[in-house]
Amino acid sequence: MSLNIYGSELDSRLLIGSALYPSPEIMKASVIASKAKVVTLSLKRQSPILGSKQGSGLENEQGGGQAIWQYIQSLASEHEIKLLPNTAGCKTADEAYTLAQMSRELFGTPWVKLEVIGDDYNLQPDPIELLDACKHLIADGFQVLPYCTDDLVLCQRLYDLGCQVIMPWASPIGTGKGLLNPYNLTTIRERLPKATLIIDAGIGKPSDACQALELGYDGVLLNSAVALASDPVTMARAFAYAVESGELSRSAGLMPERQTAQPSTPTLDTPFWHQTT
């Protein structure tokens, strides 16, 4: 089944970021290997590594900037991938709103991955500023994909505001700790059955992504887990398989957990030959 994001049907449930890669070439190869149909990019935090690599054709005195955005746009156009600008680095609703407007003008999309950070230690979203930014962005015609914690009430408020897609974290950004609180994530899924739910942040290994899909989540967004791997391209391919496996597992229907052991081949009777002499 396809992933629906504000009416766009995508044939991959994996969304991938474009920062932190060793080079533009490795980033491009990793995105292609992941089979993702959505790639995120930032106006404030685009990695200077990509733009400053000598011989990449992207170096300039600002360390990348517009050149890397154009490179990502070209990649997206060539492989029919949608761009998802984000507001990474913003700490207030006003700042996020301004950056979202710039992103819409630059990249020609109403989509915005909304990030409003409230704490620099664990990059936890500020729920008050996040809700305020959502309200104004939706009123201005944006299709908002908010990054939030695994707080049920916050997710409900975001959905009530008009966010068809909600992206709770598995664990803090860049930690790679995986799904720290499956109970909270499962509760959100059960309480918001009509929302498109995408795990965003904290995914560290392919099995984390598989688990997210098995819990009923519609997709996974990640960056560091691929970009910081020893072999990003191979890791991207591994995540593509993991997401597909998780979706197949959920569709097939997991067996119920049991408190006691049960033999896989129950013994109903033991037939034998009884020969008399």
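If you're wondering where the values come from, they're calculated on a predicted model, not measured in any experiment. Here, residue 1 is the first one in the sequence, and each next residue gets the next number.
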Q: Apply side chain to side chain contact (heavy atoms under 4.5 Å, CB included) to Ser224 and Leu20, showing your working.
A: CA-CA 7 Å; Ser224 301; Leu20 303 177; 3.6 Å; yes
Q.
Donor-acceptor check, side chain of Thr40 to backbone of Pro85, threshold 3.5 angstrom: yes or no?
A. no
Q) Does Ser77 reach the main-chain N or O of Gln73 with its side chain, forming a donor-acceptor pair under 3.5 Å? A) no
Q.
Please determine whether the number of non-hydrogen atoms from other residues, nucleotides or ligands lying under 6.0 Å from atom OH of Tyr6 exceeds 12.
A. yes
Q | Trp69 and Phe107, any side-chain heavy atoms less than 4.5 Å apart | A | yes
Q: Any chance you could measure Ser8, atom OG, to Trp111, atom CH2, to the nearest 0.5 Å?
A: 4.5 Å
Q | Heavy-atom check, side chain of Arg13 versus side chain of Val243, under 4.5 Å | A | yes
Q.
Working to the nearest 0.5 angstrom, can you tell me the gap between Cys155 SG and Ile188 CD1?
A. 4.0 Å
Q: May I ask you to decide if Lys205's main-chain N or O and Asp208's side chain share a donor-acceptor pair within less than 3.5 Å?
A: yes
Q | CD/Glu105: more than 12 non-hydrogen atoms of other groups inside 6.0 Å | A | no
Q: Using distance alone, with no hydrogens and no angle criterion, decide if Asp132 and His136 have a side-chain donor and acceptor under 3.5 Å apart.
A: yes
Q: Answer yes when Asp200 and Lys113 have at least one side-chain N-carboxylate O distance shorter than 4.0 Å, and no when they do not.
A: yes
Q: Given side-chain hydrogen bond (donor to acceptor under 3.5 Å, both in side chains), test Tyr97 with Asp140 step by step and report yes or no.
A: CA-CA 10 Å; Tyr97 180 69; Asp140 197 24; 3.1 Å; yes
Q: Determine the minimum heavy-atom distance between Ala240 and Leu14, stating which atoms define it.
A: N-CD2, 4.2 Å
Q.
Strictly by salt bridge (Lys or Arg N to Asp or Glu O under 4.0 Å), give each pair with a member in residues 210-230 just once, sequence neighbours left out.
A. Arg189-Asp218
**Q.** Nearest non-hydrogen partners of Ala36 and Ser12, listed with the distance
**A.** CA-OG, 3.7 Å
**Q.** Side-chain donor/acceptor of Ser251 to backbone N/O of Glu247, under 3.5 Å
**A.** yes
Q: Calculate, to the nearest 0.5 Å, the distance between atoms CG and CG belonging to Leu215 and Leu197 respectively.
A: 11.0 Å
Q. Does Ser34 reach the main-chain N or O of Ala236 with its side chain, forming a donor-acceptor pair under 3.5 Å?
A. no
Q. Is the closest side-chain heavy-atom distance between Leu185 and Pro168 below 4.5 Å?
A. yes
**Q.** Derivation of the side chain to side chain contact (heavy atoms under 4.5 Å, CB included) call for Ser171 and Leu179
**A.** CA-CA 6 Å; Ser171 52; Leu179 281 62; over 6 Å; no
Q.
When you measure from the side chain of Thr98 to the backbone of Asp94, do you find a donor-acceptor pair of N or O atoms at a distance under 3.5 Å?
A. yes
Q.
Return the OG to CG distance between Ser2 and Asp11, rounded to the nearest 0.5 Å.
A. 8.0 Å
Q.
Please check: side-chain N/O of Thr87 versus main-chain N/O of Leu114, any donor-acceptor pairing under 3.5 Å?
A. no
Q. About how many Å separate CG of Leu145 and CG of Leu15, when rounded to the nearest 0.5 Å?
A. 8.0 Å
Q: Answer yes or no: is there a side-chain heavy-atom contact under 4.5 Å between Leu213 and Leu248?
A: no
Q.
With a 4.5 Å cut-off on side-chain heavy-atom distances among I, L, V, M, F, W and Y, is there a chain of contacts connecting Val233 to Tyr241?
A. no
Q. If you look at every heavy atom in Val39 and Ser18, which pair is closest and at what distance?
A. CG2-CB, 4.0 Å
**Q.** Salt-bridge contact Lys28-Glu25 (side-chain N to carboxylate O under 4.0 Å)
**A.** no
(Q) Determine whether a donor-acceptor pair (N or O, by modelled atom type, separation under 3.5 Å) exists between the side chain of Thr175 and the backbone of Pro172. (A) yes
(Q) Hydrophobic cluster membership, with links at side-chain heavy-atom distances under 4.5 Å among I/L/V/M/F/W/Y: are Ile72 and Met102 in one? (A) yes
(Q) Do Val226 and Tyr21 make a side-chain contact, defined as non-hydrogen atoms from C-beta onward lying under 4.5 Å apart? (A) yes
Q: Could you tell me whether the side chain of Thr92 reaches within less than 4.5 Å of the side chain of Val116, counting heavy atoms only?
A: no
(Q) For a quick test of reading the model, state the closest non-hydrogen atom pair linking Ala19 to Ala227 and the distance between them. (A) O-CB, 3.4 Å
**Q.** Lys91 with Asp120: basic N within carboxylate O range, under 4.0 Å
**A.** yes
Q | Residue pair Trp169 / Pro125: nearest heavy atoms and the distance that separates them | A | CZ3-CD, 4.5 Å
**Q.** Shortest non-hydrogen separation from Ala93 to Ala133 and the atoms involved
**A.** CB-N, 3.7 Å
Q) Do Glu9 and Asn4 meet the criterion of a side-chain donor-acceptor pair at a distance under 3.5 Å? A) yes
Q.
Please tell me whether Ile166 and Ile128 are part of a single hydrophobic cluster in this structure, the criterion being side-chain heavy atoms less than 4.5 Å apart.
A. no
Q: Measure the CG-CD distance between Leu106 and Gln70 for me, rounded to the nearest 0.5 Å.
A: 10.0 Å
Q. Any side-chain heavy-atom pair from Pro182 and Gln211 closer than 4.5 angstrom?
A. yes
Q. Can you find a pair of side-chain heavy atoms, one from Ile199 and one from Leu221, that are under 4.5 Å apart?
A. no
Q: Give a yes or no on whether the backbone of Pro110 and the side-chain of Arg104 come within a donor-acceptor separation of less than 3.5 Å.
A: no
